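Can you keep this structure in mind? I'll have questions shortly.
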Amino acid sequence: LGERFGKEIDSEQNIKIVGKAGQEFSQFLPIIPGYVSTASEISGQIKAKYQGEKIEVPYKPKDEIITVHTIYSGGSNNGQHPFQDFSQPGPVGSTFEYEVPEITGYEPSTKKLVAKIQPEPQVLTIVYSVKLESNNIHCVDVKGQLVREMPTGTGYYNEPVNIESSVPRCFHLQDGVNSNIY
């Protein structure tokens, strides 16, 4: 019973009318979550020509809300929200699609959200995980000559690497140079 976008909503909601030709019938229509029918019951007279036939009763989908939520995972922004939540209504049973924006230094949990709109509000969460980066730091003198090459290190995007303890003996950072490199 019920038809949405030309397709059956739920075969478990089908009603079977049984009786003899010419007999009157009346049947309440089922309540299907997320859908509404223009009638609350169907009635009429059983006719032999409809035996074994399936008669569709149109149900209209209600609008429901999908909310997209974003959150950072890891790194200096852990637990913060890169974007404000947004909500969008759509008819139950339809497909919601959203191209996930990129953020430098982070990998989203999916590139594209695709979800079927359900009969109740939904929250879809995109997790932006911080990317791990490699760094290769070279200490040079005022003439640009290599004094020391630090071992390749790794760290999270936009987190500082403190090089103060790695400056070779007899050398120092120039005045005004921050010992943290991003």
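Along the sequence shown, residues carry numbers from 1. Since the model is a prediction, treat every value here as computed from it, not as a measurement.
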| request: Evaluate the side-chain proximity of E64 to Q122: yes if any heavy-atom separation is below 4.5 Å, no if none is. | output: no
| query | So do V100 and T110 actually touch side chain to side chain, heavy atoms under 4.5 Å? | reply | yes
| query | Is the closest side-chain heavy-atom distance between Y35 and P91 below 4.5 Å? | reply | no
| query | Which atoms form the tightest heavy-atom contact between A39 and L29, and what is the distance? | reply | O-CD1, 3.3 Å
Donor-acceptor pairs under 3.5 angstrom involving side-chain atoms of residues 40-51: please list them, not counting sequence neighbours.
residue : atom : partner : partner atom : Å
E41     : OE1  : S26     : OG           : 2.5
Q45     : NE2  : G22     : O            : 3.3
Q45     : NE2  : E24     : OE2          : 3.2

| query | What is the minimum heavy-atom distance between S37 and P58, and which atoms define it? | reply | OG-O, 3.7 Å
| For Y72, what residues pass the ring-ring contact (aromatic ring centres under 6.0 Å, His included) criterion, not counting sequence neighbours? | Y106
| said: Can you tell me if L146 has over 12 outside heavy atoms packed within less than 6.0 Å of its CG? | reply: yes
| field | Contact summary for G90 and I117, nearest pair of heavy atoms | value | CA-CD1, 3.5 Å
| F28 with I15, same ILVMFWY side-chain cluster at under 4.5 Å | no
| Test item: T67 and P121 side chains (from C-beta on) under 4.5 Å apart, heavy atoms | no
| message | Is any side-chain heavy atom of F96 closer than 4.5 Å to one of P89? | response | no
| request: To the nearest 0.5 Å, tell me how far Y98 OH sits from Q88 CD. | output: 10.0 Å
| query | Once you round to the nearest 0.5 Å, how far does CD1 of I126 lie from CD1 of I103? | reply | 9.0 Å
| field | Shortest non-hydrogen contact from P108 toward Y128 | value | CB-CE2, 3.7 Å
| note | Taken in chain and number order and not counting sequence neighbours, the residues that satisfy side-chain contact (heavy atoms from CB on, under 4.5 Å) with T38 are none
| request: Could you note down all residue pairs passing salt bridge (Lys or Arg N to Asp or Glu O under 4.0 Å) where residues 94-111 supplies at least one of them, sequence neighbours left out? | output: E97-K112, E99-K112, E107-K111, E107-K131
| By ring-ring contact (aromatic ring centres under 6.0 Å, His included), which residues pair with F83, not counting sequence neighbours? | none
| Y59 to P30 - nearest heavy-atom pair and separation | OH-O, 2.8 Å
| How far does CD1 of I65 sit from CD of Q118, to the nearest 0.5 angstrom? | 14.0 Å
| query | Looking only at heavy atoms, what is the nearest atom pair of T70 and D85, with distance? | reply | N-OD1, 4.0 Å
| Within 6.0 angstrom of F25 CZ, more than 12 heavy atoms from elsewhere | yes
| message | Starting from V127 and following side-chain heavy-atom contacts under 4.5 Å between hydrophobic residues (I, L, V, M, F, W, Y), which residues can be reached? | response | I71
| field | Nearest-0.5 Å distance, NZ of residue K116 to OG of residue S94 | value | 9.5 Å
